[in-house]
Amino acid sequence: MVMGARLHSLFRPGRSCVTLGDPCPSWRGPRARRGHQAGTMPVLIPPVEHSQDTRVGPPAWREATKALTQKVHQLTDRCGQEAVTMWQPKDSVRDPHTARHLCRAAYILPWRFGVEMLKGGSTTEKPLPGEGVMLWKGKMKPPAWHARLPLPMYRDARALQTAGAVHAHARGARLTAARLNRAQHQINGQLRLLQRQREATDHRLSEVRKALLINQQSVKLRGYRPTSEKIPDKADSMLTWEKEELKSMKRKMEKDMEKSEALLKTLASCRDTLVFCCKERLQAVELMNQPLDKVLEQAGRHSWVNPSRVPSRRTQGLQTPPPDPVGTYTPECATALYEAKRLLMESKDTLLDMAKNEEDVREQQQQISDRVCASLAQKTRETLELKDRLNVTLGLMRRTIHRCTKLTQELHITCGLLKGPLSESHLETREKLDRPLVRTYQRHVGTQLPEATRLAQGTDKLQRRISHVEKILEELLSMRKDLTWSLNCKKIGQEVDSNVVRLRLRQRHPHVCYEQAQRLVNDWDPRPPPRAESSIARK
């Protein structure tokens, strides 16, 4: 460094060298001339008549000396220029076409601060962009000095440069490791969210499967109704519609589970890749006592994967370096971070879709179950209404049967009275047909009495009426039996539908799991359905 400074002071622009053999002291500068004039007094010598040539030396000798001096001048200038050229940058070398006293001003002119006009009309001076040292007092910014020759401390400078490169590589490796670690944490968080959503979706899928079992139970339980109550109705249509809708929802939830499982495996693979790359980066450095999150904060980023996170305002964020196979940010790391970013966005969309589908399925399943229960409850109310009407009709028929039975009994008593007593001891005088009056009037044909004939006719007519009433009573009794059977069927149908509604409300409770509903379907064996008998067979 000292040698360079001396060379620079000796060969800097504007410094002239001593000329040997110059009889005139014009080589001195203005100050020297002023000092010389101020130090000596002028002497007045009377003009002397000079000869043509008073010098003793021969002209060839003087010319040879002048030529040698001129050669030394040229050699000195050339060597000085070459030395300065080897020491200084090319742009700092003096232009040979510029005067010596203007070289420094022309060289310093690009270093001056630029003047910028403000809106109010005032001006301000700002430093020029680029590398260099700010000289605020002199309003200059000299460019960075780049020596072309090795300095005395070249070995130390190379060692410092090597240490700087090592530290820069370590800082880059730490920053890359911090980015990979943060991406790994974000992927882990996304994995946890996806796992929770999978659990919610799986729970909803089990609820859909349980609803299918409940539908199967409902259909099976309604199959134990009497034949007269098995006429297809809207409740059966609602159960069939519920089954189809539940199957569609089941397929939809299973597709979501398959998609989330594939995404879960991809996220786990990406996380393993990030962990491997992070460990590989950490092997290249000895970690200082500084958390990796602080390294990201110093880099001006809170996340390297999530683009929605804005950088910190306190520090200027670093741009993403280009992938370098021999650097800290290798193509493998870039690929892993890009894959993590893509998977993070894809998993966010998948989570939103799964949450939306799970909510839609829950609401749709609730609505379908409510509609089926409402239809079954409506069928129960209609059955209850019909049962009440049958019960009233059965009461009216019971009264008619009682009246017909009483009438039959009275007709039998009347018939017995018409036939007369069964024993001779019970006979009275008025009951005998051989009374004197009757015997007298029965002698001739024209005077026969109609008493016996009328009694016979009345008895026969009463017998026919009794037979007719008994036939009507049998029809009433048969109809009452059919009505009672229908009423019992309505009661069973009402109980079955009510039990189905109660079963559905109890089984769809969140505390009842899928295994319990499955065991109920497999182990449940109610009584066999009542035998269907027609009214003709009962008669």
*Taking the side chain as every heavy atom from C-beta outward, state whether Asp482 and Ser486 have any atom pair closer than 4.5 Å.*
no
*Looking at Asp272, Leu343, Asn188, which hits side chain to side chain contact (heavy atoms under 4.5 Å, CB included) with Leu267?*
Leu343
*Is there a donor-acceptor contact under 3.5 Å linking the side chains of Gln195 and Arg192?*
no
*asked:* Would you say that more than 12 heavy atoms from the other residues, nucleotides or ligands in this model lie under 6.0 Å from the CZ of Arg506, or not?
replied: yes
*List the atom of Ile492, the atom of Pro226, and the distance in Å for their closest heavy-atom pair.*
CG2-CD, 3.7 Å
_For the student: nearest non-hydrogen atoms of Ala336 and Cys277, plus distance_ = CB-SG, 4.4 Å
*Nearest-0.5 Å distance that lies between atom CG in Leu483 and atom CG in Leu476*: 11.5 Å
*Salt-bridged, Glu339 to Arg342, with N to O below 4.0 Å?*
yes
*Write out all pairs satisfying salt bridge (charged side-chain N to carboxylate O under 4.0 Å, His left out) with one or both partners inside residues 357-374, taking only residues at least two apart or from two chains.*
Arg204-Glu358, Lys356-Asp360, Glu359-Arg362, Asp370-Arg508
*In terms of heavy-atom contacts, does NE2 of His468 have more than 12 from other residues, nucleotides or ligands at under 6.0 Å?*
no
*Evaluate the salt bridge (charged side-chain N to carboxylate O under 4.0 Å, His left out) criterion for residues Lys234 and Glu382: first the C-alpha distance (whole Å), next the side-chain angles of each, then the deciding distance (0.1 Å), finally the verdict.*
CA-CA 12 Å; Lys234 291 185 178 179; Glu382 293 176 1; over 6 Å; no
*Indicate the atoms forming the closest heavy-atom contact of Cys333 with Leu180, along with that distance.*
SG-CD1, 3.9 Å
*Please report the shortest heavy-atom distance between Met117 and Ser122, naming the atom on each side.*
SD-O, 3.5 Å
*Looking only at heavy atoms, which two atoms of Gly327 and His169 are closest? And how far apart?*
C-CE1, 4.2 Å
*Looking just at side-chain N and O atoms, do Arg281 and Thr176 make a donor-acceptor pair shorter than 3.5 Å?*
no
_Any heavy-atom pair between the side chains of Lys348 and Gln190 that's under 4.5 Å?_
yes
*So do Val372 and Leu239 actually touch side chain to side chain, heavy atoms under 4.5 Å?*
yes
*Evaluate the criterion side-chain contact (heavy atoms from CB on, under 4.5 Å) for residue pair Lys243 and Leu246; output intermediate values, then yes/no.*
CA-CA 5 Å; Lys243 183 178 179 180; Leu246 289 175; 5.9 Å; no
*Glu346 and Lys259 ion-paired at < 4.0 Å*: no
*Give the minimum heavy-atom separation between Leu274 and Ala340, together with the two atoms involved.*
CD1-CB, 4.0 Å
*Would you say Leu396 and Thr400 make side-chain contact, with heavy atoms under 4.5 Å?*
no
*Starting at CG of Asn215, measure out to CD of Glu245 and round the result to the nearest 0.5 Å.*
11.5 Å
*NZ/NE/NH1/NH2 to OD/OE distance under 4.0 Å, Lys210 and Glu207*: yes
_I need the single residue from Lys491, Arg225, Glu229 that forms a side chain to side chain contact (heavy atoms under 4.5 Å, CB included) with Val496. Which is it?_
Arg225
*Pick out which of Arg464, Gln457, Gln463 makes a side chain to side chain contact (heavy atoms under 4.5 Å, CB included) with Lys461.*
Arg464
*Distance (rounded to the nearest 0.5 Å) between Asp236 CG and Ile231 CD1*: 10.5 Å
*Between Arg222 and Lys379, is any pair of side-chain heavy atoms under 4.5 Å apart?*
yes
